[in-house]
Number of protein chains: 2
Amino acid sequence: MPVRERKERERARRHQLIVATARGIAEERGWDAVTTRRLAERIEYSQPVLYSHFRGKREIVGAVALEGFAELTAAIRSAVAGGPRGRAAVAALAEAYVAFAERNPALYDAMFLLDAGLPFTDPATPAPLREAFGALLDTLADVAGDADPGLFVEVFWSALHGLVALTRSGRLTEEGTARRLDLLVDRFTGR
Amino acid sequence: MPVRERKERERARRHQLIVATARGIAEERGWDAVTTRRLAERIEYSQPVLYSHFRGKREIVGAVALEGFAELTAAIRSAVAGGPRGRAAVAALAEAYVAFAERNPALYDAMFLLDAGLPFTDPATPAPLREAFGALLDTLADVAGDADPGLFVEVFWSALHGLVALTRSGRLTEEGTARRLDLLVDRFTGR
DNA sequence: CTCGAATGTCTAGCGGTGCTAGAGTTCGAG
DNA sequence: CTCGAACTCTAGCACCGCTAGACATTCGAG
């Protein structure tokens, strides 16, 4: 009975279309512009169709965020692929993280600013999130010194996120980003 | 013509009532619950009255945020009032900052998460914001070492904000906060 | 081939949002 | 006592996330 298979394929296709379209609108005009009406119109279906794929808008944001975590992981891994050590490795990671946020502001918002309903700290934490954390851990573990590597990653990640968040919301100037990153990396690699 | 003066007093009173009520609702039930209708009902005026005091909801959030900056400045100043030096001073400041955010989550959101329309980085930056930054600067200047103190403050503040933001949004566990703060202070005071 | 059931999609609408035009009222000045 | 300005209100706009229920389509059994 291949009919059902075809329908399932089509359904999966449409699922992906919704996620991609939501991301597209968010990148074009920000998440505020991602309304269920606009989204439905763009995919050329009515609003209720969205709710047959997702519980609600939050879950759509979550799906976009998951894509973001996979891409962030790739960006980090690629930034340290040449095998830099010590300060150079940390600097490469930090720059890759900030560049990712600058290049994908809407994606970054979905991952870290908006409520996407994703569990971050319990057993149900999705794999892409764990992998992103793992990518940070792999790079930072050997500069953590005698500190707990997991804790070290959390704090360094927090600092990066703080810089990105305050800059993106206009609370820090964009201009000083490079110097701030430099100082941050210094402090986390013992000058 | 004292009539006008009385009216102006009453108007200022109502202005403050709006700000205090908005803050109250936000503290009770979060900013999502601060709607113009609910706010109007609580102050026992109709919605349009709000718009004779503020351009819109964003400006009300901004007014609450300004209160927050004044209180944060006081909290920081009081935390370092005993004149601790070096690591102890930085630790006191960091703990005061995080404690402030924990104690006033809605206030913190207005200051650093929501779009309150406040200018942070240009000549029109309101005094309370400058003073809060100044309070950080006064404490941190003499542990900045050979780094530019302003830059040092920006980065340390970013790190604190990152910790607070990620914790408050469930991306970090609350449980590890103290250990993370410890590590952060270590890194910014040369171990 | 027919027909009832299941599946899928749509229209229409609920209760809510921020915000505002214009009507109505109040009140001080002359 | 009247008039005009200042003020506040009612009512409503366009939009939001979300959903009940009508309608169409497709499927499997007889």
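Here is how names work: the chains are called A, B, and so on, in the same order as the sequence lines, proteins then strands, and each is numbered from 1.
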Chemist: When the distance from CH2 of B:Trp31 to P of C:dT17 is rounded to whole Å, what number comes out?
Modeler: 15 Å
Chemist: Just the rounded figure in Å: distance from P of C:dT17 to CD1 of B:Ile60.
Modeler: 14 Å
Chemist: Can we say B:Arg87 and B:Asp182 salt-bridge, meaning some charged N sits less than 4.0 Å from an Asp/Glu carboxylate O?
Modeler: yes
Chemist: Return the value, rounded to whole Å, for the distance between atom CZ of B:Phe54 and atom C1' of C:dG18.
Modeler: 16 Å
Chemist: Just checking, any donor-acceptor pair under 3.5 angstrom between side chains of B:Thr36 and B:Gln47?
Modeler: yes
Chemist: Do nucleotides 8-15 of chain D as a string where each nucleotide becomes B, S or -: B if the base has a protein heavy atom under 4.0 Å, S if just the sugar-phosphate does, - if no protein is that close.
Modeler: SBB-B---
Chemist: Could you walk me through whether A:Arg130 and A:Thr73 pass side-chain hydrogen bond (donor to acceptor under 3.5 Å, both in side chains), step by step?
Modeler: CA-CA 10 Å; A:Arg130 297 178 183 281; A:Thr73 303; over 6 Å; no
Chemist: Using only side-chain N and O atoms of B:Thr36, determine if any of them is under 4.0 Å from OP1 or OP2 of C:dC19.
Modeler: no
Chemist: Just the rounded figure in Å: distance from P of C:dC19 to CD of B:Glu59.
Modeler: 10 Å
Chemist: Could you tell me whether a side-chain N or O of B:Trp31 sits under 3.5 Å from a main-chain N or O of B:Asp109, the two making a donor and an acceptor?
Modeler: no
Chemist: Starting at atom NE2 of A:His53, determine the distance to atom C1' of C:dT9, rounded to an integer number of angstrom.
Modeler: 11 Å
Chemist: What I want to find out is whether B:Arg37 reaches B:Glu41 closely enough, with some N-O distance under 4.0 Å, to be called a salt bridge.
Modeler: no
Chemist: To the nearest Å, how far apart are B:Lys57 NZ and D:dC16 P?
Modeler: 16 Å
Chemist: Nearest whole angstrom, please: distance from the P of C:dT20 to the CZ of B:Arg55.
Modeler: 11 Å
Chemist: Between B:Glu95 and B:Arg103, does at least one N-O distance fall below 4.0 Å, as a salt bridge requires?
Modeler: no
Chemist: Please check the phosphate of D:dC18 (OP1 and OP2 only) for any side-chain N or O of A:Tyr51 closer than 4.0 Å.
Modeler: yes
Chemist: Within this structure, what is the CG-to-C1' distance between B:Leu39 and C:dG16, rounded to whole angstrom?
Modeler: 16 Å
